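This is the structure, below, for whatever I ask next.
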Amino acid sequence: MRDVRKRWHDLILHSHVRCARAARVASLLRWTTLASVLIALTASACRQALRGLGPSGAALERNADQLFGALIIRYSQVARDAKYEFARNQLNRNALVPSRVFDDTAVWTSEPSPVLHALFVQGTPESGRYLFASRPTLTRPARLGESRHLITLARLSPNEFVWDTSVDFALGTVSAAAVGALTTALLGSAERGSEQELRADYRTVTPRAAAVLATLFSMDSIRTSPFSDGTSDVNLTIGMHTDALKDRYPAFGDYVAKYADPAHYRFFLTDKSGAIWFDLRGADRQFDVHYRAAQGRLVPLYGPPRTRPDTLELHVDFTTKLKIFTVGVRNLVADFVITATPHERAWTTIARREPEWSLPFITERFLHSPLRRPFTGTGVIFHLGIRDSAEAQTLLERRSHVEVQESTILRFLNSLGSGAMSDLSDRTEREEEQFLREIFMALQADARALAPSLGAGSPVAPETEKANAADP
């Protein structure tokens, strides 16, 4: 559970600083999101979903080669130079006690001021592997699969710090509108057909991706209910089973079982009136996805359909086991801002309200005010988006911002997270990367196989396609 682990998170890409020592929690959240997206892609009417990537067979194949091809590159034989390997280990293990790393010159590549230190990392495809290397400066990714990572740590006071992370990953020529169209088609694909028809479709259209995902996930049920107002109620139940995964990837399978099996969670989106627009909940190795859509557009689960606002509220409940303790949050509420312009698609979450905490009873004697600190001021910010340009690579962008006030309770929580990070051995991480690479290779191959059936269509140059992209 780690880079489709933070990134839709981290769907997708690596989070090199776990700024809430819910390092494993953030990882599990990311995996749940990624799993629901990939499962839905291969288990709803996949033909319609994949067609969202392009209006013709040629456009579909080109965009799939760019989107999935970039992710295949990212998870191929990952290597890190010595400085970055040391730095990321130190940062991951001390996210909640940043004073331990702030003055360590072996961690940082730049110190712009006495109160601001930075780590620059460039990700580059190189001779069949993907190399993360520390750099004194960074350049904009210019080739498919290249990335740049900037992590900064600012000291506000002797015990207050700010983490900021910025990651850009090159997706080639696929447009933001095409990825947005994929999302719209994905939501709409389950609106039509019976469960038997939908299952037959995904087995026919995405057999490779379905086979890979079956080593960890099972589509237990697909229920759709069309209404007279043109909307459809969609319920998916997805199981998680690690036995087959352990046969192929034993270390990664053990890791998923250890941290995912005890997890209980719910994520749902509401508008200001309290109406629910999307609901995902999970426990006991399965999760349920519930939404209502009209031609791929989300509408409230109940009541008359209406246009979705640009800002919703994300509600999160999450608990899991770290060592012998159950930890997590309840009633975490964040603004969920959706950006949809011709050249950008993005989700931004901003949490300014402290949640209720599920913590070990031994922490009751600790002062809890440091737990409120991240939610003051600008709050905890996480941004994930795609931005295209006619002159340069389309970028998958990830940004995060969190403020930390060191304290006894954070040092205790940091020790729990450090134990989870220690479990993520080199072998576990390699197996995870291999599994993710398999998924994206399978999706790419399935898209290529589908493309001829869509016909040639009208040839459109990638640059023209980007320039004319409409908001789906």
Side-chain angles (χ1 to χ4, degrees), residues 1-15 27 30-44 46 49-54 59-79 123-126 128-132 141 143-147 167-175 178-179 181-183 185-186 202 205-217 238 245 248-249 252 256 384 386 393-396 398 429-451:
M1 304 192 132
R2 206 156 136 209
D3 243 313
V4 171
R5 279 177 331 235
K6 161 183 141 211
R7 280 143 279 65
W8 216 49
H9 43 114
D10 208 290
L11 170 109
I12 267 174
L13 290 160
H14 247 104
S15 161
S27 175
R30 200 170 48 202
W31 262 93
T32 302
T33 306
L34 175 67
S36 63
V37 170
L38 293 178
I39 292 277
L41 179 60
T42 57
S44 336
C46 307
L50 282 177
R51 285 189 66 169
L53 271 178
L60 168 61
E61 185 168 358
R62 181 181 65 245
N63 287 335
D65 279 348
Q66 299 288 293
L67 178 61
F68 300 133
L71 295 168
I72 292 167
I73 290 171
R74 165 61 186 83
Y75 291 106
S76 297
Q77 300 294 321
V78 177
T124 309
E126 185 178 283
R129 65 174 185 164
Y130 197 85
L131 176 64
F132 287 104
R143 293 186 297 149
L144 186 71
E146 287 186 343
S147 63
V167 178
D168 294 315
F169 179 77
L171 294 177
T173 59
V174 62
S175 69
V179 177
L182 172 64
T183 305
L186 177 62
Y202 82 74
V205 178
T206 57
R208 301 164 187 84
V212 176
L213 287 165
T215 60
L216 180 55
F217 303 107
I238 300 156
L245 185 65
R248 301 193 59 222
Y249 300 115
F252 180 50
V256 173
L384 183 70
I386 294 178
Q393 289 274 316
T394 295
L395 295 181
L396 174 63
R398 180 167 52 82
E429 200 164 15
R430 284 196 305 272
E431 290 182 1
E432 177 201 23
E433 290 160 355
Q434 291 166 7
F435 179 60
L436 291 172
R437 185 171 185 270
E438 269 198 89
I439 293 173
F440 295 121
M441 288 182 68
L443 285 169
Q444 183 187 58
D446 286 337
R448 285 175 172 173
L450 175 64

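Here the structure is a predicted model, which means the values were calculated and not measured.
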I'd like to check L71 versus F169 (side-chain heavy atoms, cut-off strictly below 4.5 Å). Are they in contact? yes

Could you report the tightest heavy-atom contact between A449 and R208, atom names first, then the distance? CB-NH1, 4.0 Å

Look only at the side chain of Q66 and the backbone of T173, and say whether a donor-acceptor pair between them is shorter than 3.5 Å. yes

Side chain proximity check, F435 to T215, heavy atoms < 4.5 angstrom: yes

Contacts of type side-chain hydrogen bond (donor to acceptor under 3.5 Å, both in side chains), residue E126, not counting sequence neighbours: R129

Distance, nearest 0.5 Å, that separates CG of L436 from CD of Q434: 10.5 Å

Got a second to check how far R398's CZ is from S147's OG, nearest 0.5 Å? 9.5 Å

Please list, chain by chain and in numerical order, all residues satisfying side-chain hydrogen bond (donor to acceptor under 3.5 Å, both in side chains) with E438, sequence neighbours excluded. R248, Y249

With sequence neighbours left out, the residues meeting side-chain contact (heavy atoms from CB on, under 4.5 Å) with E61 are D65, R448, A451

Apply side chain to side chain contact (heavy atoms under 4.5 Å, CB included) to the pair T124 and R143, showing each step before the final yes or no. CA-CA 9 Å; T124 309; R143 293 186 297 149; 3.3 Å; yes

With rounding to the nearest 0.5 angstrom, report the CD1 to CG distance, I386 to L67. 6.5 Å

Determine the minimum heavy-atom distance between P141 and A170, stating which atoms define it. CB-CB, 3.8 Å

To check you understand the geometry: which heavy-atom pair defines the closest contact between E431 and F252, and what is its length? OE1-N, 2.8 Å

L60 and A447: which non-hydrogen atoms are nearest, and at how many Å? CD2-O, 3.9 Å

Has the side chain of T394 got a donor or acceptor atom that lies under 3.5 Å from a matching backbone atom of L171? no

List for me each residue that meets salt bridge (charged side-chain N to carboxylate O under 4.0 Å, His left out) alongside R437, sequence neighbours excluded, and say none if there are none. none

Please report the shortest heavy-atom distance between A209 and D446, naming the atom on each side. N-OD2, 2.9 Å

From T206 atom OG1 to L443 atom CG, the distance as rounded to the nearest 0.5 Å: 7.5 Å

Going by side-chain contact (heavy atoms from CB on, under 4.5 Å), name the residues that satisfy it together with I73, two or more places apart in sequence or in a different chain. P125, Y130, L144

